[in-house]
Amino acid sequence: MGESDYSADDIQVLEGLEAVRKRPGMYLGDPHDGSALHHCVTEVVDNSVDEHLAGHNDSVEIDIHTDGSITVTDHGRGIPVGTHSEFDISAAEVIMTKLHAGGKFDNSSYKVSGGLHGVGVSAVNAVSEWLKMTIHRDGQVWEQTYTKGTPDGPLSATGKSSETGTIISFKPDLDIFTTVTEFNFDELNTKLQHRAFLNAGLRIVLSDERDGDLEPVEHHYQGGIGEFVKQLNERRNPLHPTPVHIQGSTDVEDVGEIHVEVAMQWSDAYNESILCFTNIIRNRDGGTHMSGLRSSLTRTLNQYAKSRNLLKNVDKLSGDDVREGIAAVISIKHPDPSFSSQTKDRLVSSEVQGVVEKIINEKLGEFLEENPSIAKFIIEKGMLASKAREAARKARELTRRKGVLEGGGLPGKLADCQSRKPEECEIYIVEGDSAGGSAKTGRDRRIQAILPLRGKILNVEKQLRNQAKVFQNNEIQTMIKAFGAGVGNPVELAEGEEDHADADTYFTVEKLRYGKIIIMTDADVDGAHIRTLILTFLWRFMRPAIEAGKVFIAQPPLYMLTRGRTSRYAYTDTERDEIVEELRADNPDAKIGVQRYKGLGEMNPDQLWTTTMDPENRTLLRVTADDFSDEGVTSDLFVTLMGDDVADRRAFIEQFAAGITDFDYSTLH
Ligand code: 0RA
């Protein structure tokens, strides 16, 4: 429908604003961890993006101000200013003060909308200390301001304008946003960049007045999601220079037109990163568009490979095989999508799977016919993946037969604890036999088990393609046996895919014999290296243990300080200096003995217990991650720090080492 058809009465009204101030979390996300704060900005921006989707807006500017407020400017049609007959106030005021008001729920106003089930700008108004709306429309400038969602006066014309567009400035109310109160540039920048990728041609500019030196950052991608995929592969080696980019639409009865766009590029990496979006909104857990893409990839690539006789010593490529090393973005537009939850993490509209399959089967088939050399790279990569998977399966099978995976007795080196209640039991993984000895003597043998490891364990990151090596490694076998919970991150099955025959031997956190896995290594570079090797193994083969918060790092002291018969322990150099001061408080010349512990082995069992193992006294660091997925930043970090690419690692260290200013290098010697 054309803009002239739009009348102020098209706006539907659902609820008042008090609800939002009372329970902001329900509408905008957590008000304490920053998610709601940033959601406010995207909520406003998405209205501007809608104007782009409707074909009326080519740029959005976002300015973060020094007083904690922010401005979003667009060049769309401008919020309608006519009087709403039911309420007898301007349509703009209705949009700003009534929850869910806006052409959004009315499919006849907007075919596709970023904020389709969004809460609307009124929710942002509700949680703003103040908000100012400026509209350029019908030859005039219109203005209205609000305090905590209530208008200070009516919408009024304040000048002439030959342009159209909307400018919204607001300052989040700090009565509501208590913990995170400032806009995080990087977080906003990433969200805005995603919107620019997903809206080819839309220019989004972010500037930050809090940092005078910072140039505005502009996101403007004519290539859309193709450029998104290139960025996902930025640190990888792509097998073909240009992403495969396909799109199509289908009109589904009773639903309307569903538009599907996919960009994908394979690299020599081993993981799969597929990002899914519905109406510009990310669906973290995928859903029916993801299933459609996956099954179509398996089907189309196998069909092509068979028809060209490309499969060598392999019957058929599995879904995992064809997706190994893929980076892809699938973006669908749907008039009325359904999600599994309020947070839209998973798309559940069932008609989407078939639509996606059909479009990709056809268009990917055509692409492969027209680009045989790219097709060959993709199939060859799939065959390599298939062979590696088969080898890994055989290696697991061998290990399983040796009983490593199914209990099969505890390793000889393990000094187990007496209790059989996992929730109270702890296992210390200790570097070296001598430290192991001290730990065995010093421990609380009722609940603490000690597993000494000899020397450096294998760097599993370099053996992901040769897992037989991993399973044959002595130290690793010892850990698997001691934990008693299987090995290998559980594989997520695609829809309709059969469970693996040995599914019961994959790692399950419920079977873990201990409630805490505690890594205890020396406080030096070697210790740090061994700790990283153990963590790499846990990340790649027992990730659920980390995710469940069961992995910890022990904190042994660096110094023992003695004056007479008093001894104190220091865990950092600063603490050492403070304690020396304290011990000398009554007598500046008192002699203080400073012993630097070079390894755990230098501590006697009593000292090790008191400083590092006594649950009443010790400090443990819990190991957590920002992102537990295979395609997330944490996985990338393991690839960079522990993988094969030396240049990549060097670049990373050069980039970040300079930023480590308060790092205490003395602990490295
Ligand atoms: C309702 C209807 C129309 C546009 C908008 C709202 C609108 C809202 C915002 C919020 C920020 N920028 C915006 N731009 C537009 C359609 C208006 C028409 O048909 O002319």
Side-chain angles (χ1 to χ4, degrees), residues 1-14 17 28 39-63 69-87 89-128 131-146 149 151 155 161-170 191-192 195 199 202-206 279-280:
M1 92 192 237
E3 40 202 294
S4 55
D5 301 334
Y6 185 90
S7 90
D9 289 355
D10 282 353
I11 292 159
Q12 296 176 24
V13 178
L14 299 176
L17 286 194
L28 292 157
H39 187 185
C40 284
V41 183
T42 51
E43 194 62 47
V44 178
V45 170
D46 284 346
N47 283 277
S48 307
V49 171
D50 286 347
E51 285 294 282
H52 171 79
L53 288 171
H56 298 280
N57 178 38
D58 56 9
S59 87
V60 190
E61 294 103 46
I62 297 93
D63 300 284
S69 70
I70 193 162
T71 299
V72 179
T73 304
D74 71 45
H75 307 273
R77 288 167 290 187
I79 305 181
V81 295
T83 305
H84 190 281
S85 61
E86 187 189 337
F87 294 99
I89 52 175
S90 69
E93 184 174 328
V94 175
I95 288 176
M96 278 298 167
T97 55
K98 313 285 178 192
L99 201 56
H100 279 166
K104 306 296 184 46
F105 272 9
D106 177 2
N107 287 342
S108 62
S109 299
Y110 271 145
K111 211 165 69 157
V112 179
S113 152
L116 193 66
H117 282 167
V119 287
V121 274
S122 60
V124 179
N125 194 16
V127 296
S128 293
L131 181 145
K132 180 177 183 189
M133 164 172 76
T134 307
I135 300 165
H136 293 247
R137 195 177 162 122
D138 303 339
Q140 305 218 260
V141 183
W142 307 81
E143 287 182 359
Q144 188 173 28
T145 59
Y146 301 83
L155 179 76
S161 174
S162 55
E163 299 180 1
T164 63
T166 305
I167 305 160
I168 291 176
S169 301
F170 65 95
K191 286 180 192 275
L192 294 172
R195 280 161 174 77
N199 292 280
L202 176 63
R203 181 192 313 274
I204 302 183
V205 185
L206 174 62
N279 298 344
I280 319 298

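Each ligand, and each atom within it, is numbered from 1 in the order the structure gives. Given the structure is predicted, the values throughout are model-derived calculations rather than measurements. Positions are given from 1, in the same order as the sequence printed here.
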Look only at the side chain of Ser59 and the backbone of Arg203, and say whether a donor-acceptor pair between them is shorter than 3.5 Å. no

Are any of the side-chain heavy atoms of [X] and [Y] separated by less than 4.5 Å?
X: Phe87; Y: Lys98; value: yes
X: Lys132; Y: Thr71; value: no
X: Trp142; Y: Thr166; value: no

Contact region, Ile95 to ligand 1, non-hydrogen atoms below 4.0 Å, reads side chain

Quick look: Arg137 vs ligand 1, heavy-atom contacts under 4.0 Å, and the answer is side chain

Ligand 1 atoms nearer than 4.0 angstrom to some heavy atom of Ile79 are 7 (C), 8 (C), 9 (C), 10 (C), 13 (C)

Using a 4.0 Å cut-off to any heavy atom of Asn47, which atoms of ligand 1 qualify? 9 (C), 10 (C), 11 (C)

Looking only at distances, please establish whether an N/O atom of ligand 1 is found under 3.5 Å from an N/O atom of Asp74. yes

Return yes or no for this condition: an N or O of Glu51 is under 3.5 Å from an N or O of ligand 1. no

List the residues meeting side chain to side chain contact (heavy atoms under 4.5 Å, CB included) with Ser161, not counting sequence neighbours, and say none if there are none. His136, Val141, Glu163

Any non-hydrogen atom of Pro80 lying under 4.0 Å from ligand 1? yes

dist Asp58:CG -> Leu202:CG (nearest 0.5 Å) comes out at 8.0 Å

